[in-house]
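To keep things clear, I will list the structure first and then write my remarks on it.
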Amino acid sequence: MILSRLRGRRKISLENEREYPGFESVRIVIPQTDLDPDYLLRFDVEGVLNEEICLLNERHKVDLELWNVPEASHLWNFNLHYFEYCIPLAAKWSDTGDNRYWLCFKRLVESWIAACEYPLGDGWHPYTISLRLVNWLVCRELFEPMLSTDAEFDKMLLDSMYAQYRHLAINQETHLLANHYFENLKALVICSKLFGDDCEFERSWRNLEGQLEEQILQDGVHFERSLMYHKLVLEGILRISFVLRQIDGSEPEILRTKASSMLDAMVSLEKGMGKTPFFNDSADGVSKSCSQLSAACLSIFQLEACDAVADFPFAGYYKLYSDDGRFALMVDVGEPGPPYMLGHSHCDALSFELSVDGVPVIINSGTYGYQSELRSYFRSTAAHNTVQYGSCEQMQCWGEHRVASSYESCSVVERSGNLIRAVLTLRNGIRLERCIQFRADSLVISDTAVNGADECLVSRIHIASGNRLDAVSSDSQMNVEQQVASREFGLLENVETLVFKSSDSIVCSIDCASLRQYVVGKDIG
């Protein structure tokens, strides 16, 4: 990682990159994900026609001579260079035949090539290249009838893609690894096959195979412990498999094996939750949905999802259900992520989320944004449904994506069908014990500082926007605070947070009968 960072960005000679051995066109569109109506509705296609693009719930007019929006965040500008918003554009053309969509795509690509001077700016970052190459391939397939009549533009498109591919090959993000490196390798494996580059394919596949073994834990969860990134990686595995099967007649068995374990983990962890669980950097509206990916797994691998798994000991995630099955709870009792890559980690050890009949009631606060003055809050202990010893943070989170130090350990000490007891050891040696249990018609959360004496305990419960939690009792002081939460990047909501304080222990009980009646009576739509 250090050598990779010291090496810096390397350049190719564009003069030598204009010619390539050939290009094999194969299907890359996965209808269950790329053409799902709910996915396509994420993007304002009519806005794109006018170069007014809404990404991460933030809308900006884009100057096609600059391809940079200074007033937008770095993450927004990265998303601008992904070109994902052109997939709905291409789908719209495919449905209607309206040439406005084709001409818009052509204008956007031509202006990007003209404005984004090699190798400067966000457009030539390895991560944006990795995502853009695949998105351009999807658009190229959907626009194929128009490209067949415009050989000059098609050659311009392929020339640019080949140059981006060769630049990516010598600028992989081995200084970051994790999901960034996976996306690099995904794009390289696919493009090396399409461009007939056998040497690069062998090299990239060997590295990808190693990353699949490292990044997908034995229980099927992605090692960054973010269900959002978990789903992005699963989609990438499906895309690679789809392409290799068409070119080689089959795909390596490891792709099917990893897809199967990731599918079961995804559907089991999201079962009954009604959304992407907000542990570590996670949000809805970024990755494809659980149902879309499940449908794609069925189509490509004929994999039927198993949602019955409740324990994920390698990731540290566990599920609890009430006896009637209407209450679903997910709790984090594990490591925050791979020790060399904690940039997407939050202080959420011992935290839980609770949904009733698929309606989120108790949630972690979410993510909101990477470049935001609220970034430190959303990663903090106080933004999660966990217990805190005085003002001690579980981790020292620095800047956008750094962690200086983390807690020592977090492990399960007792586990049964409707109970989990775990201990979190902070870096100062303080041990916090939490027990979560469904009892009869209540959910009981008990917190204790095993060896603490000087600081009080603080436990928080963040109530999802639009819900209430009236039937709560506790043996400790309880206050209601107003905080913020975020379901999607760029969206802020005001939420109520119950704050419990005690000098030694906290026991909180939630009346499930009352909560069940409330959820049934509310207008979910």
Side-chain angles (χ1 to χ4, degrees), residues 273 277-279 318-323 326-333 347-356 359-365 380-392 394 410 412-424 426 430-450 452 455-465 467-483 485 495-519:
M273 303 306 293
F278 296 159
F279 292 88
Y318 295 83
K319 294 291 293 291
L320 278 73
Y321 298 94
S322 60
D323 289 339
R326 294 180 59 189
F327 287 74
L329 184 147
M330 177 176 169
V331 60
D332 178 6
V333 188
C347 298
D348 55 19
L350 300 185
S351 185
F352 71 96
E353 291 196 342
L354 176 72
S355 295
V356 185
V359 178
V361 176
I362 297 175
I363 61 168
N364 290 313
S365 297
S380 72
T381 307
H384 301 87
N385 305 304
T386 188
V387 59
Q388 186 169 9
Y389 182 72
S391 60
C392 295
Q394 295 180 3
C410 187
V412 175
V413 295
E414 183 182 357
R415 169 70 165 130
S416 65
N418 61 357
L419 175 148
I420 189 165
R421 188 187 307 275
V423 172
L424 169 67
L426 302 175
I430 298 296
R431 297 174 66 239
L432 304 176
E433 181 177 291
R434 163 164 281 192
C435 180
I436 302 176
Q437 181 180 19
F438 282 106
R439 293 183 193 165
D441 224 3
S442 63
L443 174 66
V444 180
I445 304 104
S446 305
D447 297 314
T448 306
V450 178
E455 301 283 350
C456 72
L457 286 180
V458 182
S459 177
R460 296 177 177 87
I461 292 178
H462 301 271
I463 305 169
S465 177
N467 283 287
R468 69 171 190 259
L469 205 59
D470 294 334
V472 179
S473 59
S474 176
D475 61 354
S476 308
Q477 174 189 346
M478 183 180 78
N479 295 315
V480 179
E481 296 181 357
Q482 299 299 314
Q483 296 291 352
V495 298
E496 286 190 346
T497 301
L498 306 183
V499 182
F500 306 89
K501 294 183 179 181
S502 173
S503 60
D504 50 12
S505 64
I506 298 171
V507 178
C508 169
S509 179
I510 299 172
D511 185 337
C512 293
S514 175
L515 185 55
R516 188 185 298 112
Q517 186 176 7
Y518 163 68
V519 170

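Note that the numbering runs from 1 along the sequence shown for the chain. As the structure is a prediction and not an experimental result, all values here were calculated from the model.
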For the pair [X] (side chain) and [Y] (backbone), establish whether a donor and an acceptor sit closer than 3.5 Å, ignoring hydrogens and angles.
| X | Y | value |
| --- | --- | --- |
| S351 | N385 | yes |
| E353 | N364 | yes |
| S355 | A328 | no |
| S502 | D504 | yes |
| T381 | Q394 | yes |
| D475 | V507 | yes |
| N418 | F438 | yes |
| S474 | S476 | yes |

Contact summary for [X] and [Y], nearest pair of heavy atoms:
| X | Y | result |
| --- | --- | --- |
| L350 | C410 | CD2-SG, 3.8 Å |
| C512 | L443 | SG-N, 3.6 Å |
| C347 | T386 | O-CG2, 4.2 Å |
| I436 | V331 | CD1-CG2, 3.9 Å |
| E481 | V499 | CD-CG2, 3.5 Å |
| V495 | S465 | CG1-N, 3.9 Å |

**Request:** Kindly determine whether L424 and R434 satisfy side-chain contact (heavy atoms from CB on, under 4.5 Å), including the steps that lead there.
**Result:** CA-CA 8 Å; L424 169 67; R434 163 164 281 192; over 6 Å; no
May I ask you to test the [X]-[Y] pair for a side-chain heavy-atom distance under 4.5 Å?
| X | Y | answer |
| --- | --- | --- |
| M273 | K319 | yes |
| I510 | F327 | no |
| L320 | F352 | no |

**Request:** Could you point out which residue of L426, D447, V423 forms a side chain to side chain contact (heavy atoms under 4.5 Å, CB included) with L432?
**Result:** L426
As an exercise, state the distance from [atom1] of [X] to [atom2] of [Y], rounded to the nearest 0.5 Å.
| X | Y | atom1 | atom2 | value |
| --- | --- | --- | --- | --- |
| R460 | I506 | CZ | CD1 | 9.5 Å |
| S509 | R439 | OG | CZ | 7.5 Å |
| L469 | T497 | CG | OG1 | 11.5 Å |
| K501 | C456 | NZ | SG | 6.0 Å |
| L457 | S505 | CG | OG | 7.5 Å |
| I461 | L354 | CD1 | CG | 9.0 Å |

**Asked** Heavy-atom count around R415 CZ within 6.0 Å, excluding the residue itself: above 12?
**Response**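 Yes, CZ of R415 has more than 12 neighbouring heavy atoms, counting only those of other groups under 6.0 Å.
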